Amino acid sequence: MTVLKELAVRRPVAATIRLTVPAGAARPAPPVGPALGQYRLNLMAFCKDFNARTQKYKPETPMAVTITAFKDNTFEFIVKSPSVTWFIKKAAGIESGSSRPGHVVASSISIRHVFEIAKVKQSDPFCQFMPLESICKSIIGTANAMGIQVVKDL
């Protein structure tokens, strides 16, 4: 019964912090240090936990992280997979999208690339209940907005 009471009691939230941190490279330097330091959170605990959770990704992969800071100086965080635009740029082998999307094609990717990106994005907490086809359509729309053509086969 005490466990239910503990779950029912909500801890007051001080802030919600959104950061983009390279995988396995969280250090108590900017941007992590100032963002967490102003809420008096334990920087080293966050860095160790974040680096442990993201060690399966390649180094320097930009990971989106949402940190919930509580008033008692504790925190929880959720690590999301890299953005769709980052995956598309890596699959296309380019640094940035087209300067004039819809007019100038920067590069092209295949349907197979889109499907692989969709399988990775399906593991995200907000996409886990979405059908794979819907995620693929969203990725194709993002690629078109970046000026990257989606073709059947390369």
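Keep in mind it's a predicted model, so treat the numbers as computed, not measured.
- Atoms OG1 and CE, on Thr20 and Met63 in that order, are 10.5 Å from each other to the nearest 0.5 Å.
- In the hydrophobic clustering of this structure, Val84 does not group with Tyr57; members are Ile, Leu, Val, Met, Phe, Trp, Tyr whose side-chain heavy atoms approach within less than 4.5 Å, directly or through other members.
- Under a cut-off of 6.0 angstrom, the local environment of CD in Glu95 is sparse, with at most 12 non-hydrogen atoms contributed by other residues, nucleotides or ligands.
- Here the side chain of Thr54 pairs a donor or acceptor atom with the backbone of Phe50 at under 3.5 angstrom.
- With hydrogens and angles disregarded, no donor-acceptor distance shorter than 3.5 Å links the side chain of Lys90 to the backbone of Thr85.
- In this structure, CZ in Arg40 is found 14.0 Å from NZ in Lys71, a value given to the nearest 0.5 Å.
- For Ser98 (side chain) and Val105 (main-chain N/O), no donor-acceptor pair under 3.5 Å exists by modelled atom type.
- If you run side-chain contact (heavy atoms from CB on, under 4.5 Å) between Ile109 and each of Ile148, Ile140, Ile139, only Ile148 comes through.
- Phe70 and Phe46 sit in two unconnected hydrophobic clusters of ILVMFWY residues. Membership requires side-chain heavy atoms under 4.5 Å apart, directly or through other members.
- Considering every non-hydrogen atom in both Ala92 and Ser107, the closest pair reads O-OG, 3.4 Å.
- In this structure, His113 and Phe87 have side chains that are not in contact, with every pair of non-hydrogen atoms separated by 4.5 Å or more.
- Summarising the geometry of Gly147 relative to Pro101, their closest heavy-atom pair is N-CB, 3.7 Å, with the distance given to 0.1 Å.
- With hydrogens and angles ignored, the 3.5 Å screen pairs a side-chain donor or acceptor of Asn51 with a backbone N or O of Ala26.
- Electrostatic pairing of Glu116 and Arg112 does not count as a salt bridge here, judged by no charged N lying under 4.0 Å from a carboxylate O.
- Between Ser83 and Pro62, the closest side-chain pair of non-hydrogen atoms is not below 4.5 Å.
- Between atom NZ of residue Lys152 and atom OG of residue Ser110 there is a gap of 12.0 Å, rounded to the nearest 0.5 Å.
- Placement of Val150 and Met146 within a single hydrophobic cluster is found when ILVMFWY residues are connected by side-chain heavy-atom separations under 4.5 Å, directly or transitively.
- Judged purely by atom type and a 3.5 angstrom limit, Thr142 uses its side chain to pair as donor or acceptor with the backbone of Ser138.
- A distance-only check finds no donor-acceptor pair linking the side chain of Asn73 to the backbone of Asn42 [under 3.5 Å].
- To the nearest 0.5 Å, atom CD1 of residue Ile135 and atom CZ of residue Phe115 are 10.5 Å apart.
- Across Lys89 and Ser96, no two heavy atoms sit closer than the pair CD-CA, 3.9 Å.
- Both Leu43 and Tyr39 belong to a single network of hydrophobic side chains, linked directly or stepwise wherever heavy atoms of I, L, V, M, F, W or Y lie under 4.5 Å apart.
- Scanning all heavy atoms of the two residues, the minimum distance from Leu19 to Ala35 falls at CD2-CB, 4.0 Å.
- Residues Arg27 and Val32 form no side-chain contact, since every pair of their non-hydrogen atoms from C-beta on lies 4.5 Å or further apart.
- At least one donor-acceptor pair closer than 3.5 Å links the side chain of Gln122 to the backbone N or O of Met130.
- Across Leu36, Asp49, Thr68, a single residue satisfies side-chain contact (heavy atoms from CB on, under 4.5 Å) together with Phe77, and that is Asp49.
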